[in-house]
Amino acid sequence: MTEPRDLAPTPGQTIGPFFGYALPFPGDHVLAPAGHPDTVRLRGRVLDGDGAPVPDALLELWQADPEGRPVQREGSLRRDGATFTGWGRASTRTDGGYDFVTLRPGPVDGGAPFFALTVFARGLLNRLFTRIYLPGYGDAQAADPLLSGLPEDRRRTLLAREEDGDLVWDLRLQGPDETVFLTYPRHRS
């Protein structure tokens, strides 16, 4: 019989990287109803601590509708092209890029509008949560309890920018420019 002290430690299990093969579905990243005039593209890249692209991450986006109402409609997994459900999923490409076609969320209860994002990626023992704030809401962002509680250099990791009509936001999993990630007290792994 082997004594426990003779056993070599093994690495812990991590999730993935299999998301890009198992979870995508047709229209997963298209939240906006077909032909909607206020469609916007949210795009960016997922990067590791060295700035290298993460080609097999999976992002889930949650958002309010343009009037700032939480969306509670069915149809996220089987898109009908007309119902805005406020939820979508995007896999990263080989360059770490992702994109969502959606509507700009409105301010919930007068606060700064944002997208809520969940990240699944290799090496993570559990998913990560963060927010993407929209540009152009300086006063509301200054009053936002989360943003106003962060140092300036950390705050900017949550701010999207406008570029060629798109909203652009990069997520960095580690390093000095690591994105601010959130914990929820009642969330369990």
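Numbering starts at 1 and runs along the sequence shown.
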Exercise for the section: Tell me, yes or no, whether the heavy-atom count around Asp139 atom CG, taken from other residues, nucleotides or ligands under 6.0 Å, exceeds 12. Expected result: no
Completion exercise
All heavy atoms of Ala64 vs all of Gly68, minimum pair found to be CB-C, 3.8 Å
Handout entry: Phe120 six-ring centre to Arg127 NZ/CZ under 6.0 Å and within 45° of normal
Key = no
Practice task
Can you sort out the partners of Asp166 under side-chain hydrogen bond (donor to acceptor under 3.5 Å, both in side chains), two or more places apart, ordered by chain and number?
Solution key: Arg41, Arg43
Completion exercise
Here the gap from Tyr133 atom OH to Leu158 atom CG, rounded to the nearest 0.5 Å, amounts to 7.0 Å
Practice task
Evaluate the side-chain proximity of Pro26 to Arg78: yes if any heavy-atom separation is below 4.5 Å, no if none is.
Solution key: no
Practice task
Any ring-ring contact (aromatic ring centres under 6.0 Å, His included) involving residues 136-180? Give me the pairs, sequence neighbours left out, ordered by first then second residue.
Solution key: none
Exercise for the section: Ignoring hydrogens and angles, tell me if any N or O in the side chain of Gln72 forms a donor-acceptor pair with the backbone of Thr85 under 3.5 Å. Expected result: no
Exercise for the section: Spell out, yes or no, whether Leu59 and Phe181 are grouped together once hydrophobic residues are joined by side-chain heavy atoms under 4.5 Å, including indirect joins. Expected result: yes
Problem - Atom pair CG (Asp65) and CG (Leu103), whose distance is rounded to the nearest 0.5 Å - result: 8.5 Å
Practice task
Would you confirm whether Asp80, through its side chain, and Ala82, through its main-chain N or O, come within 3.5 Å as a donor-acceptor pair?
Solution key: yes
Handout entry: Close side-chain approach of Phe114 and Val108, heavy atoms under 4.5 Å
Key = no
Handout entry: Distance, nearest 0.5 Å, that separates CZ of Phe100 from NE2 of His29
Key = 9.0 Å
Practice task
Taking the side chain as every heavy atom from C-beta outward, state whether Leu146 and Arg131 have any pair of such atoms under 4.5 Å apart.
Solution key: yes
Practice task
Verify, without hydrogens or angle tests, whether Arg155 (side chain) and Leu150 (backbone) share a donor-acceptor contact under 3.5 angstrom.
Solution key: yes
Practice task
Carefully, step by step, assess Asp99 and Arg93 under the rule salt bridge (Lys or Arg N to Asp or Glu O under 4.0 Å).
Solution key: CA-CA 10 Å; Asp99 68 300; Arg93 301 178 294 270; 3.2 Å; yes
Problem - Separation between CG of Leu117 and CG of Leu171, rounded to the nearest 0.5 Å - result: 6.5 Å
Problem - Considering all heavy atoms, the nearest Gly86-Val71 contact - result: N-CG1, 3.9 Å
Practice task
Ignoring hydrogens and angles, tell me if any N or O in the side chain of Thr92 forms a donor-acceptor pair with the backbone of Tyr98 under 3.5 Å.
Solution key: no
Handout entry: Short side-chain to backbone donor-acceptor contact, Asp170 and Arg45, under 3.5 Å
Key = yes
Problem - Sub-4.5 Å side-chain heavy-atom contact between Leu134 and Pro105 - result: yes
Exercise for the section: Could you list who else is in Leu47's hydrophobic cluster, with ILVMFWY side chains joined at under 4.5 Å, directly or through other members? Expected result: none
Handout entry: Atom of Pro107, atom of Pro113 and distance for their closest heavy-atom approach
Key = N-CB, 3.9 Å
Practice task
Flag yes if Val46 and Leu124 sit in one hydrophobic cluster, no otherwise; membership is Ile, Leu, Val, Met, Phe, Trp, Tyr, and two members link when side-chain heavy atoms are under 4.5 Å apart.
Solution key: yes
Practice task
Compare every heavy atom of Ala142 with every heavy atom of Ser148, then report the nearest pair and how far apart it is.
Solution key: CB-O, 3.3 Å
Exercise for the section: Report the C-alpha distance between Arg79 and Asp28 in whole Å, list the side-chain angles of each, state the deciding distance to 0.1 Å, and finish with yes or no for salt bridge (Lys or Arg N to Asp or Glu O under 4.0 Å). Expected result: CA-CA 8 Å; Arg79 305 274 190 202; Asp28 56 0; over 6 Å; no
Practice task
Using atom types as modelled and distance alone, determine if a side-chain donor or acceptor of Thr157 lies under 3.5 Å from a backbone N or O of Val180.
Solution key: yes
Exercise for the section: Could you tell me whether the side chain of Leu31 reaches within less than 4.5 Å of the side chain of Val101, counting heavy atoms only? Expected result: no
Practice task
Spell out, as yes or no, whether a donor-acceptor pair under 3.5 Å connects the side chain of Asp109 to the backbone of Gly111.
Solution key: no
Exercise for the section: Quick one: which residue pairs count as a ring-ring contact (aromatic ring centres under 6.0 Å, His included) with a foot in residues 51-91, not counting sequence neighbours? Expected result: Trp62-Trp87
Practice task
Just do the salt bridge (Lys or Arg N to Asp or Glu O under 4.0 Å) check on Arg172 and Glu178 with the steps written out, would you?
Solution key: CA-CA 5 Å; Arg172 189 173 292 257; Glu178 179 181 309; over 6 Å; no
Handout entry: Exercise: identify the closest heavy-atom pair between Arg154 and Pro176
Key = NH1-O, 4.3 Å
Practice task
Return the set of residues passing side-chain hydrogen bond (donor to acceptor under 3.5 Å, both in side chains) with Gln141 (not counting sequence neighbours), or none when no residue passes.
Solution key: none
Problem - Path from Val54 to Leu128 over hydrophobic side-chain contacts below 4.5 Å - result: yes
Exercise for the section: Answer yes or no: is there a side-chain heavy-atom contact under 4.5 Å between Leu159 and Leu147? Expected result: yes
Handout entry: Reported CD1-to-CG distance for the pair Ile132 and Leu61, which is rounded to 0.5 angstrom
Key = 6.0 Å
Handout entry: Separation of Asp50 CG from Leu173 CG (nearest 0.5 Å)
Key = 11.5 Å
Problem - Residues which pass side-chain hydrogen bond (donor to acceptor under 3.5 Å, both in side chains) with Glu162, listed by chain and number, not counting sequence neighbours - result: Arg104
